[in-house]
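Each residue takes its place number in the sequence, starting with 1.
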Amino acid sequence: MEQQECLLCKIASKKVSARIVYEDDYTMGVLDIKPRYNKGQCIVLPKKHVKCIYDLEDEDGAHLFKGIKEVAKKIIKVYKPELVTMFARGRTLPHAHVILFPTFSSPGDVMGQLLLSLEAYRPLTQISDAELDEIGAKLKSS
């Protein structure tokens with residue numbers, strides 16, 4: 001995929017609208033409109049098009065992780081989770097990015113924990129634009 005066709009490049013250049021929760025000169029954090037794991041899930045991306053995290057220059061990687069830290073603090077302030085889970089992706093959107101989402105402890109035995117983790121692979125029900133706007137505004141202002 002060429003850079004001009006890349007959805008995350010279009011978001012970074014503001015050619016496509018997004019609910020921006022964090023932005024600096026190098027990095028952008030946006031609310032994920034189709035979270036798979038939890039409400040408040042965000043995508044943090046370098047503004048520069050790079051296909052994979054491991055292709056980032058060291059300085060760009062440092063900027064990205066500064067953005068990740070800032071977005072994680074916002075998630076913590078709004079959701080007060082046990083922790084913020086993060087993982088790097090690249091398969092669905094071929095632009096380096098990291099997904100962050102609030103994670104809460106789950107009661108139950110080991111089997112219950114396993115089933116809960118498997119459940120995470122099923123997308124959440126569609127979240128309304130109004131709710132996304134509310135979540136985005138809370139994260140941005142925190």
Side-chain angles (χ1 to χ4, degrees), residues 1-108 110-129 131-142:
M1 175 177 290
E2 294 187 29
Q3 186 173 348
Q4 66 266 21
E5 297 173 1
C6 174
L7 176 61
L8 293 182
C9 284
K10 289 178 182 178
I11 289 172
S13 65
K14 299 182 181 169
K15 292 178 181 169
V16 169
S17 65
R19 291 169 180 88
I20 300 169
V21 300
Y22 173 81
E23 183 175 14
D24 62 28
D25 291 339
Y26 308 96
T27 307
M28 182 178 280
V30 298
L31 183 65
D32 192 332
I33 63 170
K34 293 185 180 177
R36 293 185 68 94
Y37 303 104
N38 218 335
K39 290 181 181 179
Q41 179 173 310
C42 294
I43 300 170
V44 184
L45 60 128
K47 289 183 175 180
K48 181 192 298 184
H49 181 78
V50 177
K51 185 176 178 184
C52 300
I53 293 283
Y54 48 79
D55 291 333
L56 285 169
E57 297 293 328
D58 291 345
E59 185 176 336
D60 294 329
H63 289 300
L64 178 63
F65 274 86
K66 177 185 179 287
I68 290 167
K69 183 177 176 180
E70 295 302 319
V71 172
K73 286 180 189 179
K74 290 174 176 291
I75 291 171
I76 290 166
K77 189 172 182 180
V78 171
Y79 289 95
K80 298 171 183 38
E82 182 177 340
L83 58 92
V84 175
T85 299
M86 86 172 176
F87 61 94
R89 293 285 295 182
R91 173 178 245 163
T92 308
L93 298 168
H95 181 117
H97 63 286
V98 173
I99 295 173
L100 299 175
F101 58 93
T103 306
F104 303 92
S105 61
S106 58
V110 175
M111 184 54 86
Q113 299 261 346
L114 174 62
L115 293 174
L116 185 63
S117 69
L118 292 174
E119 182 75 13
Y121 288 98
R122 189 173 63 200
L124 297 173
T125 57
Q126 183 63 37
I127 299 174
S128 71
D129 283 340
E131 188 174 4
L132 287 168
D133 289 343
E134 181 183 337
I135 292 168
K138 283 181 183 177
L139 289 168
K140 186 174 187 172
S141 67
S142 62

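- Taking all atoms of both residues into account, the shortest heavy-atom contact from Pro35 to Asp32 is CD-O, 3.5 Å.
- We find the NE2-CG distance between His49 and Asp55 to be 9.5 Å, quoted to the nearest 0.5 Å.
- Using a 4.0 Å cut-off between charged side-chain N and carboxylate O, Glu134 and Lys138 make a salt bridge.
- Distance CZ/Phe87 to NE2/His97: 8.0 Å, rounded to 0.5 Å.
- Minimum heavy-atom separation, Cys42 to Leu139: SG-CD1, 3.8 Å.
- Atom NZ in Lys39 sits 5.5 Å away from atom CD1 in Ile127 (nearest 0.5 Å).
- Val98 is not listed as a side-chain neighbour of Val71, based on a closest heavy-atom distance of 4.5 Å or more.
- In this structure, OG1 in Thr27 is found 7.5 Å from CG in Leu45, a value given to the nearest 0.5 Å.
- Using a 4.0 Å cut-off between charged side-chain N and carboxylate O, Lys140 and Asp133 make no salt bridge.
- The two residues Met28 and Glu23 make their nearest non-hydrogen contact at CE-OE2, 3.4 Å.
- Using modelled atom types, no side-chain atom of Lys47 and backbone atom of Ala12 make a donor-acceptor pair closer than 3.5 Å.
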Take Tyr22 and Lys66 through the test side chain to side chain donor-acceptor pair (under 3.5 Å) and record every step on the way to the result. CA-CA 11 Å; Tyr22 173 81; Lys66 177 185 179 287; 3.1 Å; yes

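- The CG atom of Leu8 sits 13.5 Å away from the NZ atom of Lys51 when rounded to the nearest 0.5 Å.
- In this structure, the side chains of Lys69 and Val44 stay at 4.5 Å or more apart for every pair of heavy atoms.
- Of all heavy-atom pairs spanning Val21 and Leu31, the tightest one is CG1-N, 4.3 Å.
- Within 6.0 Å of atom CD in Glu131, more than 12 heavy atoms from other residues, nucleotides or ligands are found, so the atom counts as buried in its surroundings.
- In this structure the side chain of His63 never reaches within 4.5 angstrom of the side chain of Asp25, judged on heavy atoms.
- The heavy-atom pair separating Pro46 from His95 by the smallest distance is O-NE2, 2.8 Å.
- Note: Lys34 NZ to Ile43 CD1 = 11.5 Å, rounded to the nearest 0.5 Å.
- In this structure a side-chain-to-backbone donor-acceptor pair under 3.5 Å is present from Lys80 to Lys77.
- In this structure, the side chains of Leu100 and Ile75 come closer than 4.5 Å at one or more pairs of heavy atoms.
- A donor-acceptor pair is defined here as one N or O able to donate and one able to accept, closer than 3.5 Å; no such pair exists between the side chain of Lys15 and the backbone of Cys9.
- Residues Leu93 and Leu7 come closest through the heavy atom pair CD2-CD2, 4.1 Å.
- Side chain of Asn38 to main chain of Pro102: a donor-acceptor pair is present (N/O by atom type, distance under 3.5 Å, no hydrogens or angles).
- Taking the six-membered ring for Trp and thresholds of 30 and 60 degrees, Phe101 and Tyr37 have nearly parallel ring planes, at less than 30 degrees apart.
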